[in-house]
Amino acid sequence: MTLLTRRRLIGSLGAGAGGLLLSGCDRIAASPKVQDVLGLGEGLTMRAQRLVTDRTALAREFAASDMSPVFRTNGNTMPASDAYQAHAAARFADWRLELDGLVRRPQKLSLAQIRAMPARTQITRHDCVEGWSAIGKWTGLPLKLALDAAGVLPSARYVVFHCADDFDGAPYYESIDLIDAYHPQTILAWGMNDQLLSVGHGAPLRLRVERQLGYKQAKYVMRVEAVDSLARIGAGKGGYWEDSADYQWFAAI
Ligand SMILES: Nc1nc2c(c(=O)[nH]1)N[C@H]1C(S)=C(S)[C@@H](COP(=O)(O)O)O[C@H]1N2
Ligand SMILES: [Mo]
């Protein structure tokens, strides 16, 4: 279901319930009790709307002149695995992004195929919990298009990003819910600041989920998996830092 239909659904549910009550009978609607109920309904609808609106609002986008002269790297800057390093040496020519889990049509996409798909470019601010920020330009495939190509099943609730790197043998991974997955600014970025994404910044593909903090921006994404629960992934909290240092899973900014 698209965000638009979701929003319409909530809107029409609210209008439907109100409409039913109002069209019923003026005499009943005039009684204080019924007015309470109507008031409550309206409040709930508004709160539901606001929740949805907040989740779908766009992160601020900046002008080229706002871009940081230096965008530092953080966390892992070169996955240790031989397989990754062989792919990097070959400029990811034989590398494939896997897209599987709760999907109708599992995909294996080459970097060339991904770059041939429609791309979005956005200049946004990256905020790391360690206390630094940087404004950079990201270009990549809207995650929605990748998910639509695979046909996400109705039972899916989250999207997991499996990365090539690890910390002491624990693989880096991250996850987001479907609202963030279908958000228009959520992209699998292959370009940064008008260049191909460097290894330090997560080549060949890294997640940009612009409404959330730095550690959610998974680098070295090898596999995208649609799941119905995060319980069986890693230690079950939805991400490497969530599992190992109790970072918040929902790291909205
Ligand atoms: N795979 C992977 N993704 C990662 C990390 C990491 O160590 N490994 N570090 C995270 C953190 S804490 C931050 S702030 C950003 C840093 O991205 P950058 O190196 O492009 O600045 O990547 C995030 N994504
Ligand atoms: Mo970070």
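Only a predicted model underlies this, so the values are computations on that prediction, with no experimental measurement involved. Both ligands and their constituent atoms are indexed starting at 1 by order of listing.
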Could you list which atoms of ligand 1 come closer than 4.0 Å to a heavy atom of [X]?
X    : value
Y220 : 1 (N)
G200 : 19 (O)
N74  : 9 (N), 12 (S), 14 (S), 16 (C), 18 (P), 19 (O), 21 (O)
C163 : 1 (N)
A218 : 3 (N), 24 (N)
G75  : 7 (O)

* Can L196 be reached from L97 by stepping across I, L, V, M, F, W or Y side chains whose heavy atoms are under 4.5 Å apart? -> yes
* Asked: Side-chain donor-acceptor pair under 3.5 Å between E61 and Q185, yes or no?
  -> yes
* To do: Answer with yes or no whether the side chains of S133 and D127 bring together a donor and an acceptor at under 3.5 Å.
  => yes
* **Salt-bridge contact E242-K216 (side-chain N to carboxylate O under 4.0 Å)** => yes
To check your reading of the model: name the closest protein heavy atom to [atom], its residue, and the distance in Å.
atom                    : value
atom 22 (O) of ligand 1 : R206 NH2, 3.4 Å
atom 18 (P) of ligand 1 : H201 ND1, 3.6 Å
atom 24 (N) of ligand 1 : Q217 O, 3.0 Å
atom 13 (C) of ligand 1 : G214 O, 3.6 Å
atom 14 (S) of ligand 1 : H126 NE2, 3.2 Å
atom 21 (O) of ligand 1 : R72 O, 2.8 Å
atom 10 (C) of ligand 1 : Y172 OH, 3.4 Å
atom 19 (O) of ligand 1 : K219 NZ, 2.6 Å

* Asked: Out of F161, F250, Y158, Y182, which one pairs with I176 under the side chain to side chain contact (heavy atoms under 4.5 Å, CB included) rule?
  -> F161
Enumerate donor-acceptor pairs with a distance under 3.5 Å from any side-chain N or O in residues 79-95 to protein atoms, sequence neighbours excluded.
unit_1, atom_1, unit_2, atom_2, d
S81, OG, Y84, N, 2.9
Y84, OH, A203, O, 2.7
Q85, NE2, P79, O, 3.0

* Q107, CD: over 12 other non-hydrogen atoms inside 6.0 angstrom -> yes
* Asked: If you measure from each heavy atom of F167 to ligand 1, is any distance below 4.0 Å?
  -> yes
* Close approach, Y240 and ligand 1, non-hydrogen under 4.0 angstrom -> no
* **Shortest heavy-atom approach to atom 7 (O) of ligand 1 - which of N76, V221, L207, D166** => N76
* Is there at least one pair of N or O atoms, one from W138 and one from ligand 1, spaced under 3.5 Å apart? -> no
* Asked: Are W138 and F71 near enough that their ring centres are under 6.0 Å apart?
  -> yes
* Asked: Can the ring centres of F167 and W241 be said to be less than 6.0 Å apart?
  -> yes
* Which bit of Y173 is near ligand 1, meaning a heavy atom under 4.0 Å away: side chain, backbone, both or neither? -> neither
* Side chain, backbone, both or neither: which part of D165 has a heavy atom under 4.0 Å from ligand 1? -> side chain
* Asked: Could you walk me through whether K137 and D194 pass the salt bridge (Lys or Arg N to Asp or Glu O under 4.0 Å) check?
  -> CA-CA 7 Å; K137 186 197 268 191; D194 298 314; 3.1 Å; yes
* Asked: Run the side-chain hydrogen bond (donor to acceptor under 3.5 Å, both in side chains) check on Q122 and R120 step by step: do they pass?
  -> CA-CA 7 Å; Q122 57 206 28; R120 187 183 208 281; 2.7 Å; yes
